[in-house]
S.K.: 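Here's a structure for you.
In what follows, every chain begins at residue 1, and chains take the letters A, B, ... in the order their sequences are listed.
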Amino acid sequence: MPELPEVETIVRGLRENTVGNRIESLTELRNNTIIYHTNQCAEGLVFSSLSRRGKYILINLSDILTMVIHLRMTGKLVYTETEQLTPHTRAVIKFADRTMLQFEDIRTFGSIQIFEANDTDPAIKRLGPEPLTEDFNEKYLYKVLEKAKAPIKSILLNQEIIAGLGNIYVCEILYRTKIHPTLAGKELTRADIIRVITATKEVLAEAILHNGTSISDFRNIDDKPGEFQNFLRVYQKKECPLGHPTERIKIAGRSTYFCPVCQRLK
DNA sequence: ATTGCTTCCTGAGCGC
DNA sequence: TGCGCTCAGGAAGCAA
């Protein structure tokens, strides 16, 4: 479900509402939702600070533990004052002030992991640069693409190359850059690379400004949808903004929307 | 080393 | 109504 802008929206919502909250109980309603990588219990600790890395939510618990949440396709975090269990509620964190955070996940791919404060998920250590920082720049992307035979679409989806992009935003980025999604990475020109960097930063910033994209069930922690779906140009569109019919193809098993007129193979 | 196919799981939407 | 199929904001784990 959520990509970088959606996760960022959730983290901001959590930061406003839960910093300083003490965990009274942490209950798992389905096996393997909460995975402990430490013997230390999270109960009694405080949500000290929150951050995001790629699509991961990182919660610092009293500088003692780190809670790492990944929502995968259908995970949701809902902050409520009363218990509202659904058939898909997988875990509930109750705070000392009687509020609670419910983790719902229809497809059950998501997880909550708990590590020592100085430890983290190995997958996080392998993540590529954050696209909204200076680390994601022309020099870096040129080096990545120089010899890459894979289609640019797959490369941009690879979290070890760039952290946080998913299927929607990669389609949108490629539309804005006029690059065909099947074009091999090494075929991109310097000008293309600069356009990719610029479009990536623009699309993500705009999406964050609109609280993310709700195609079906993304919701902020107060259960409100995002608004960026109103600004998508090709993803799940029949026509691009210029009126050309779009096409849908599969790349690496993922539906890829593009405009065959605006986005040409060289 | 790189690339891509299958898998985890549940539900919605479609054609017949 | 219901069946069977395809599809879904992700990514690990394999196989080639």
S.K.: What's A/Ala252 touching, base or sugar-phosphate or nothing? Going by heavy atoms closer than 4.0 Å.
M.R.: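 If one applies the 4.0 Å heavy-atom cut-off, A/Ala252 turns out to touch nothing in the nucleic acid.
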S.K.: Rounded to the nearest Å, what distance is computed from the CG atom of residue A/Leu71 to the C1' atom of nucleotide B/dC9?
M.R.: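 It works out to 16 Å between those atoms.
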S.K.: From CZ of A/Arg254 over to C1' of B/dT3, roughly how many Å is that when rounded to an integer?
M.R.: 16 Å
S.K.: Just call it for A/Lys147: base, sugar-phosphate, or nothing, with non-hydrogen atoms closer than 4.0 Å on any strand.
M.R.: nothing
S.K.: Against A/Met100, only a single residue in A/Asn21, A/Thr80, A/Ile93 fulfils side-chain contact (heavy atoms from CB on, under 4.5 Å); can you say which?
M.R.: A/Thr80
S.K.: For B/dG11, does OP1 or OP2 lie under 4.0 Å from any side-chain N or O of A/His88?
M.R.: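 For B/dG11, OP1/OP2 do have a side-chain N/O of A/His88 under 4.0 Å.
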S.K.: A/Ile106 and A/Thr74: which non-hydrogen atoms are nearest, and at how many Å?
M.R.: N-OG1, 3.5 Å
S.K.: In residues 220-231 of chain A, which residues come under 4.0 Å of DNA chain C by heavy atom?
M.R.: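 Nucleic-acid contacts, sorted: none.
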S.K.: For a quick test of reading the model: is some side-chain N or O of A/Thr74 closer than 4.0 Å to OP1 or OP2 of C/dA8?
M.R.: no
S.K.: On DNA chain C, does the nearest nucleotide to A/Glu160 precede the nearest nucleotide to A/Tyr257 from the 5' side, or the other way round? Give the residue.
M.R.: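 Final value for this comparison: A/Tyr257.
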S.K.: Have a look at A/Pro151 and say if it touches a base, only the backbone sugar-phosphate, or nothing, with a 4.0 Å heavy-atom cut-off.
M.R.: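 Sugar-phosphate: the residue A/Pro151, judged by heavy atoms under 4.0 Å, touches backbone atoms but no base.
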S.K.: If stacking means aromatic ring centre less than 5.5 angstrom from the base's six-membered ring centre, planes under 30°, is A/Phe109 stacked on C/dG10?
M.R.: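 A/Phe109 ring centre within cut-off of C/dG10 base, planes near parallel; stacks.
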S.K.: Per the side-chain contact (heavy atoms from CB on, under 4.5 Å) rule, which among A/Asp121, A/Ile35, A/Thr38 passes with A/Phe115?
M.R.: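 Exactly one option meets the side-chain contact (heavy atoms from CB on, under 4.5 Å) with A/Phe115, and it is A/Asp121.
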S.K.: Among side-chain atoms of A/Thr189 and A/Asp192, is any donor-acceptor pair under 3.5 angstrom?
M.R.: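 Side chains of A/Thr189 and A/Asp192: pair found under 3.5 Å.
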S.K.: In residues 209-216 of chain A, which ones come under 4.0 Å of DNA chain C, going by heavy atoms?
M.R.: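 Heavy-atom contacts with DNA chain C come from A/Thr213, A/Ser214, A/Ile215, A/Ser216.
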S.K.: Could you give the CG-to-P distance, from A/Leu183 to B/dT3, as a whole number of Å?
M.R.: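 For the pair A/Leu183 CG and B/dT3 P, the rounded distance is 13 Å.
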S.K.: If I pick the P atom on C/dC14 and the same atom on B/dC9, what distance separates them, to the nearest angstrom?
M.R.: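 So the two P atoms sit 16 Å from each other.
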S.K.: Calculate the interatomic distance between A/Ile152 atom CD1 and B/dT2 atom P; express it in whole Å.
M.R.: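 So the two atoms are 15 Å apart, to the nearest Å.
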S.K.: Would you call A/Arg126 and A/Glu160 a salt bridge, taking side-chain N to carboxylate O under 4.0 Å as the test?
M.R.: yes
S.K.: May I ask you to decide if the ring planes of A/Phe47 and A/Phe95 are parallel, tilted or perpendicular, using 30° and 60° as cut-offs?
M.R.: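 Rings of A/Phe47 and A/Phe95: perpendicular, as their planes differ by over 60°.
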S.K.: Base, sugar-phosphate, or nothing: which does A/Gly253 touch, judged by heavy atoms less than 4.0 Å apart?
M.R.: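 If one applies the 4.0 Å heavy-atom cut-off, A/Gly253 turns out to touch nothing in the nucleic acid.
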S.K.: Any ion pair linking A/Glu206 and A/Arg176 (charged N to carboxylate O, less than 4.0 Å)?
M.R.: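 Yes, A/Arg176 and A/Glu206 are salt-bridged.
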S.K.: Separation of A/Lys250 atom NZ from C/dG10 atom P, in whole Å?
M.R.: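 Value for this atom pair: 13 Å.
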S.K.: DNA chain C: A/Arg107 or A/Ala123, which has the more 5' nearest nucleotide?
M.R.: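 Its nearest nucleotide being more 5', the pick is A/Arg107.
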S.K.: Taking the minimum atom-to-atom distance to the side chain of A/Tyr235, which one of C/dA8, B/dT3, C/dA12 wins?
M.R.: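 Given the options C/dA8, B/dT3, C/dA12, the side chain of A/Tyr235 is closest to C/dA8.
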S.K.: Should we say atom CD of A/Glu134 is surrounded by more than 12 heavy atoms from elsewhere, each under 6.0 Å from it?
M.R.: no
S.K.: Any base atoms under 4.0 Å from A/Tyr169, or only sugar-phosphate, or nothing? Heavy atoms, all strands.
M.R.: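 A/Tyr169: no heavy atom of the nucleic acid under 4.0 Å.
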S.K.: Kindly express the pairing pattern of DNA chain C in dot-bracket notation, using | wherever a base pairs with another strand and counting only Watson-Crick or G-U pairs under 3.5 Å.
M.R.: .|||||||.|||||||
S.K.: Rounded to the nearest angstrom, tell me the gap between atom CD1 in A/Ile251 and atom P in C/dG10.
M.R.: 14 Å
